[in-house]
2 protein chains.
Amino acid sequence: MRSAMLLTELDDSACLGVSRGDTPIACKDCGVYQLCLPPDGGEADGSILDQITKNRRIFKRGDYLFRLGHPFHSIYAIRSGSVKTYIWMDDGRVQVTGFHIAGELLGLNAINSKRYHCEARALETTSVCEIPFDQLEALVRSNLSIQYQILRIMSREMLQNQELILLLGKKNAEERLATYLIGLSRRLEQRHLSPCEFNLSMSRGDIGNYLGIAEETVCRVLSRFEEEELIELRRRYIRLRAPGRLAQIGGVAECAARESQVG
Amino acid sequence: MRSAMLLTELDDSACLGVSRGDTPIACKDCGVYQLCLPPDGGEADGSILDQITKNRRIFKRGDYLFRLGHPFHSIYAIRSGSVKTYIWMDDGRVQVTGFHIAGELLGLNAINSKRYHCEARALETTSVCEIPFDQLEALVRSNLSIQYQILRIMSREMLQNQELILLLGKKNAEERLATYLIGLSRRLEQRHLSPCEFNLSMSRGDIGNYLGIAEETVCRVLSRFEEEELIELRRRYIRLRAPGRLAQIGGVAECAARESQVG
DNA sequence: CGACCTGTTGAGCAGCCTCAACATAAGTGG
DNA sequence: CCACTTATGTTGAGGCTGCTCAACAGGTCG
């Protein structure tokens with residue numbers, strides 16, 4: 001038996017946006033591909049890109065990609081699988097700071113201090129491209145647009161963190177979970193994966209920790225959602241039956257309405 | 001009467017780390033200076049730097065530096081004064097995402113989408129350097145180390161956001177306020193300003209909003225801190241009488257113990 | 001098969017919010 | 001300069017959301 005995976009219900013070749021063979025990630029928005037393709041759609045420097053995409057590693061469930069405080073050497077582009085990142089306080093309280101799926105980059109916030117400032121752990125069998133920072137720097141020097149891509153990626157990550165701050169500061173338990181489900185759904189959709197039917201790779205405890213609520217509250221709210229026929233639930237399998245309604249509950253703007261204006 | 005300022009108790013020339021005349025910000029860690037000085041300590045390109053630092057603007061209390069959704073054109077380096085940034089939900093709930101003082105950069109998270117994703121408003125009379133993004137890009141092209149500096153700055157901002165996420169997700173009201181006071185104190189200290197005696201430029205409501213607690217709770221906890229002789233309080237004036245104890249309450253590691261290791 | 005991990009549901013409790021009244025300071029106009 | 005309004009801060013009382021503790025169910029693994 002393989003370990004729990006996002007989207008085990010779907011066929012393998014589509015799973016997490018990675019095709020079977022050695023072909024690159026199919027999604028325009030993904031990891032190294034995203035990093036190495038200039039925004040104008042031209043081709044990046046093939047040799048360096050090839051070199052980087054060959055640095056593949058597999059992590060099994062529970063393996064650490066990197067650990068808090070350790071020296072920064074690489075950033076990681078997830079090819080398939082999923083990863084959680086978290087930090088903690090001296091007394092042992094832990095805060096999950098993010099779940100990361102195919103196409104996302106990890107470790108960028110270590111650039112400043114040259115040390116990882118969170119811990120990254122695989123939630124399931126996960127394939128990544130490891131990109132040594134010196135290689136990345138060389139890449140940047142050889143190709144100005146890549147530097148700009150990195151800025152864009154970091155800028156986007158900062159936006160996501162702001163959304164999380166809004167969630168933690170102002171939303172109640174129902175809104176938090178609705179927001180979470182819709183956010184996950186949209187990320188899957190961006191990767192051309194089924195946005196309304198998937199398997200969670202993280203536990204209820206992880207979800208609750210991330211959202212700043214207790215594991216039990218996660219269960220209760222999800223049960224309520226199921227009662228109200230907003231979702232269908234079987235352990236880690238979930239189907240969104242009313243994504244629009246969930247977005248409404250979560251206070252998440254429709255994609256199109258994102259650029260709403262001020263008075 | 002001038003409006004409330006951080007540190008009105010101190011003499012003007014030291015106020016917020018800006019000297020009286022046209023001399024640059026005195027603090028090594030500050031805004032444009034930080035942006036334009038390569039990490040090796042050499043001099044940046046004088047002409048472009050000069051050009052940029054001449055783009056000065058003054059904002060009065062309540063003025064907007066930029067507004068949510070508006071097209072991104074500039075980033076802002078604060079020279080003196082202070083600014084709050086915030087976002088909101090459709091139903092009007094607002095989340096303050098940060099308070100920013102001299103030496104900090106605003107607007108970097110708009111790079112990705114070319115639109116500002118938060119609103120920035122002066123808390124008091126505030127002097128900034130406005131840096132048009134095209135000028136910044138030119139600067140980056142002419143000087144590779146500046147690009148790296150921007151990466152560092154963004155990386156650091158991401159760390160601060162992670163700390164806020166930890167606070168919002170896991171700390172109680174007392175811990176939040178203690179963390180807040182210590183954080184502010186340390187930022188002032190970095191700018192060679194009195195770390196234990198200052199005037200807050202933000203209201204109790206703003207503080208509570210930022211920390212995810214009610215205004216009334218802010219008052220109550222601060223009153224309790226005063227009773228316990230941890231602080232001295234007179235409206236917006238505050239003196240930290242036991243910063244070590246506050247750091248302990250807030251679960252904030254001592255600066256020296258920051259690189260604590262994992263097992 | 002038993003041990004263990006994860007998830008679910010219930011009961012009681014508490015931290016913080018809400019609402020409200022009031023105090024103090026700041027701003028405004030005569 | 002004072003009366004008035006407005007903004008901000010403080011304190012109290014009561015209520016609610018979500019937490020804690022606990023028991024148990026279902027799946028997984030050695």
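In what follows, every chain begins at residue 1, and chains take the letters A, B, ... in the order their sequences are listed.
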For this session: Name all pairs fulfilling the salt bridge (Lys or Arg N to Asp or Glu O under 4.0 Å) condition that reach into residues 239-248 of chain B, sequence neighbours left out, sorted by first residue then second.
Result: B:Glu232-B:Arg239

Please tabulate, for side-chain N and O atoms in residues 224-231 of chain B, each donor-acceptor pair with protein atoms closer than 3.5 Å (sequence neighbours left out).
from, atom 1, to, atom 2, distance (Å)
B:Arg224, NH1, B:Glu174, OE2, 2.8
B:Glu226, OE2, B:Leu233, N, 2.9

For this session: Looking at every strand, decide which applies to B:Gly208 at a 4.0 Å heavy-atom threshold: base, sugar-phosphate, or nothing.
Result: nothing

Problem set entry | Atom-to-atom span, CG of A:Leu177 to P of D:dG18 - whole angstrom | 10 Å

For this session: Using atom CG of B:Asp206 as one end and atom C1' of D:dA7 as the other, report the distance to the nearest whole Å.
Result: 13 Å

Problem set entry | Axial bend angle, the helix from C:dC1-D:dG30 to C:dG30-D:dC1: five-pair end segments, nearest 10° | 40°

Exercise. Once you round it to whole Å, what is the distance between C1' of D:dG18 and NZ of A:Lys171?
Worked result: 18 Å

Seminar exercise, completed: Letter by letter from the 5' end, nucleotides 4-9 of chain C scores (B base, S sugar-phosphate only, - none; protein heavy atoms under 4.0 Å) --SBBB

For this session: Let me know the distance between CD1 of B:Ile238 and C1' of D:dT8, rounded to the nearest Å.
Result: 16 Å

Problem set entry | Donor-acceptor contact below 3.5 Å, side chain A:Lys171 vs main chain A:Gly250 | yes

Problem set entry | salt bridge (Lys or Arg N to Asp or Glu O under 4.0 Å) partners of A:Glu216, counting only residues at least two apart | none

Exercise. Rounded to whole angstroms, how far apart are CG on B:Asn199 and P on C:dA26?
Worked result: 11 Å

For this session: Check salt bridge (Lys or Arg N to Asp or Glu O under 4.0 Å) between A:Arg204 and all other residues, then give those that pass, not counting sequence neighbours.
Result: none

